[in-house]
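I have placed the structure first, in the form of structure tokens, so that the comments after it can refer back to it.
Worth knowing before you read on, the calculation uses all heavy atoms, side chains too, and leaves out hydrogens, waters and symmetry mates.
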Amino acid sequence: GTSWWTNVGYWSYDAPGRDIAESWEGSNAPHLVGEPAQSQRETHLRYHGRQDELALIDLERRGPGTYRARRQVIRVGPRIWIAIDASMADGDGRTQVAWTTSPDVELIESSVNGEYSLTDRSSGRSLRAFFRGAPGTELGTIEGSLSPFGGWTVVDGVAHPAPAVIIDRPADGSWLLAAWSLDGEFGPGLTAAPRMRRWAGAEDWDAVLPTSIGSLTLQRREALVEVSAGQSGPTWSLMLKPGPEVSQATADFRAAFAVAAEKYGVADMSGVYRVKVTVVLVVALLLNAILTRAVRRYRGAAQGAAIGCVLMAGWLLLSGYFVFLRANLV
């Protein structure tokens, strides 16, 4: 019943900061520092698998340019969740994530860097969170900031400050491990920060999880994921399935979308359009006044008044169409 990790949400169009709220800055998805919201990218499901005590989903994002981001989300037992990120880009680019909690949650930073305690003020439930990364990883917290943007969650249409953990690191293929453990008595929970014991890539790594039942080793070898305790062999194991081939389905969807967009196009209601309409309507109003005055002068007051009424009625209908009806009729 608690949104421990959430996102910005639906930011009102008339509220300050809308453009930034739509950007990557407040997102917990891996992204390049300074990446524009409309960057060209595609995300694919690489692997997935699930059983009673172990589940994993592995996603890869490609773009913009040479940027590659890989995220694996893993559930170990009923209380432990882990997200492992790896990002790569040419040059000296940096990658960033923003883990934002809810306004109802209090986030307290431990004396140990990268360790946090989250408490739901209404229920009293708590969550322990750990963030560990390869050398070069930088962590910080933010709340209710517009520059840099971060620490916001929209509730019932209103933006509220909410604590967020910002993690910045090189996009050099190295790893970032985020882990959290819910309080409770069901299943093993984390008692200390996990550590990456071995990293040879997104499909070849070992992580050690200190838990209430002892240290567990979580490892991945290509499509095989195992959790073991000591030397007694795997406690849980999971064979992952590759993601489906969706290129044809994606192409079909985009073609259908293009047809729908052509048929049900949305009117241009941008700021540039509004300026153009305003100029046209003001010029038309001035021309109406000039023409009415000319008719009154050369044809008499009665004809001038009649022409003025007709022109004004036409101007009002034209204004109503462009200002109020155009977006709904197109």
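The list of salt bridge (charged side-chain N to carboxylate O under 4.0 Å, His left out) pairs with a residue in residues 282-304, not counting sequence neighbours, is empty. Within the structure, side chain to side chain donor-acceptor pair (under 3.5 Å) pairs that include any residue of residues 47-61 comprise E35-R61, R46-E60, D58-R70, D58-R220, E60-R62 (at least two apart or interchain).
With hydrogens and angles disregarded, no donor-acceptor distance shorter than 3.5 Å links the side chain of W99 to the backbone of A164. E245 places a side-chain N or O within donor-acceptor distance of the main-chain N or O of S247, the cut-off being under 3.5 Å. Without hydrogens or angle criteria, R254 side chain to A256 main chain gives no donor-acceptor distance under 3.5 Å. Between the side chain of T66 and the backbone N or O of D90, at least one donor-acceptor pair lies under 3.5 Å. Checking side-chain atoms of T137 against main-chain N and O of A134 turns up a donor-acceptor pair under 3.5 Å. Checked by atom type and distance alone, the side chain of T95 pairs as donor or acceptor with a backbone atom of H31 at under 3.5 Å. Looking only at distances, no side-chain donor or acceptor of N7 sits under 3.5 Å from a matching main-chain atom of G9. In this structure, the side chain of S181 does not engage the main chain of G189 through any donor-acceptor pair within 3.5 Å. In this structure a side-chain-to-backbone donor-acceptor pair under 3.5 Å is missing from S3 to W5. Under the 3.5 Å distance criterion, the side-chain polar atoms of D183 are matched with a main-chain donor or acceptor of S126.
No continuous path of ILVMFWY side-chain contacts below 4.5 Å connects V208 to W175, so the two sit in separate hydrophobic clusters. Note on L182 and V165: same hydrophobic cluster, where clusters join Ile, Leu, Val, Met, Phe, Trp and Tyr whose side-chain heavy atoms are under 4.5 Å apart, directly or indirectly. Residues L190 and W205 are members of one and the same hydrophobic cluster, defined by side-chain heavy-atom contacts under 4.5 angstrom among Ile, Leu, Val, Met, Phe, Trp and Tyr. Criterion: ILVMFWY side-chain heavy atoms under 4.5 Å apart, direct or through other members. Under it, V97 and I166 are not part of a common hydrophobic cluster. Put simply, W81 and L59 are part of the same group of oily side chains (I, L, V, M, F, W, Y) that touch within less than 4.5 Å, one to the next.
Note that OG of S102 is 10.0 Å distant from CZ of R121, once rounded to the nearest 0.5 Å. Taken to the nearest 0.5 Å, the CG atom of D104 stands 11.0 Å off from the OG1 atom of T6. Between L107 atom CG and T101 atom OG1 the span is 7.0 Å, to the nearest 0.5 Å. Atoms NE2 and CD, from H160 and E143 in turn, are 12.5 Å apart once rounded to the nearest 0.5 Å. Rounded to the nearest 0.5 angstrom, W4 CH2 and T119 OG1 are separated by 6.5 Å. The line from OG of S39 to CG of L32 is 8.0 Å long, rounded to the nearest 0.5 Å.
Checking E25 against S27 by side-chain atom types alone, no donor-acceptor pair falls below 3.5 Å.
Side chains of Q38 and P36 form no contact here, defined as non-hydrogen atoms less than 4.5 Å apart. At least one side-chain heavy atom of I80 sits under 4.5 Å from a side-chain heavy atom of T211. In this structure, L146 and I20 have side chains that are not in contact, with every pair of non-hydrogen atoms separated by 4.5 Å or more. Side-chain contact check for D206 versus W199: every heavy-atom pair is 4.5 Å or farther apart. No side-chain heavy atom of L209 sits under 4.5 Å from any side-chain heavy atom of S215. Annotation: side chain of I74 is in contact with side chain of L218 (closest heavy-atom distance under 4.5 Å). Contact annotation: the side chain of Y116 never approaches that of S110 to less than 4.5 Å [non-hydrogen atoms, C-beta and beyond]. By the 4.5 Å heavy-atom criterion applied to side chains, L54 and V225 are counted as neighbours.
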Problem - Pair V73-L56, side-chain contact (heavy atoms from CB on, under 4.5 Å): steps then yes or no - result: CA-CA 6 Å; V73 181; L56 182 146; over 6 Å; no

Practice task
Starting from the C-alpha separation in whole Å, work towards a yes-or-no answer on side-chain contact (heavy atoms from CB on, under 4.5 Å) for V8 and W11.
Solution key: CA-CA 7 Å; V8 175; W11 195 280; 3.5 Å; yes

Practice task
I would like to know whether T292 and M312 meet side-chain contact (heavy atoms from CB on, under 4.5 Å); could you show each step before the answer?
Solution key: CA-CA 10 Å; T292 300; M312 182 55 66; over 6 Å; no

Practice task
Using the side-chain contact (heavy atoms from CB on, under 4.5 Å) rule, take D252 and T250 through it: C-alpha gap first, then chi angles, then the decisive distance, then the call.
Solution key: CA-CA 5 Å; D252 293 343; T250 302; over 6 Å; no

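The two residues P103 and T153 come nearest to each other via the heavy atoms CD-CB, 3.9 Å. Residue T235 comes nearest to A229 through the heavy atom pair OG1-N, 3.5 Å, listed as atom of the first residue, atom of the second, then distance. The minimum heavy-atom distance between P194 and P210, with the atom names listed, is CA-CD, 3.9 Å. A284 approaches W315 most closely through the heavy-atom pair CB-CD1, 3.7 Å. Across all their heavy atoms, S145 and W152 have their closest contact at O-NE1, 2.8 Å. Residues G151 and I142 share a closest heavy-atom pair of N-CG2, 3.9 Å.
Under the 6.0 Å distance and 45° angle rule, R169 does not count as a cation-pi partner of F131.
Of the options R71, R132, R68, a salt bridge (Lys or Arg N to Asp or Glu O under 4.0 Å) to D85 is made by R71 and by none of the others.
Under 4.0 Å is where a charged nitrogen must lie from a carboxylate oxygen, and between R94 and D168 at least one such pair does.
Counting non-hydrogen atoms of neighbouring residues, nucleotides and ligands closer than 6.0 angstrom, the CD atom of E222 reaches no more than 12 such neighbours.
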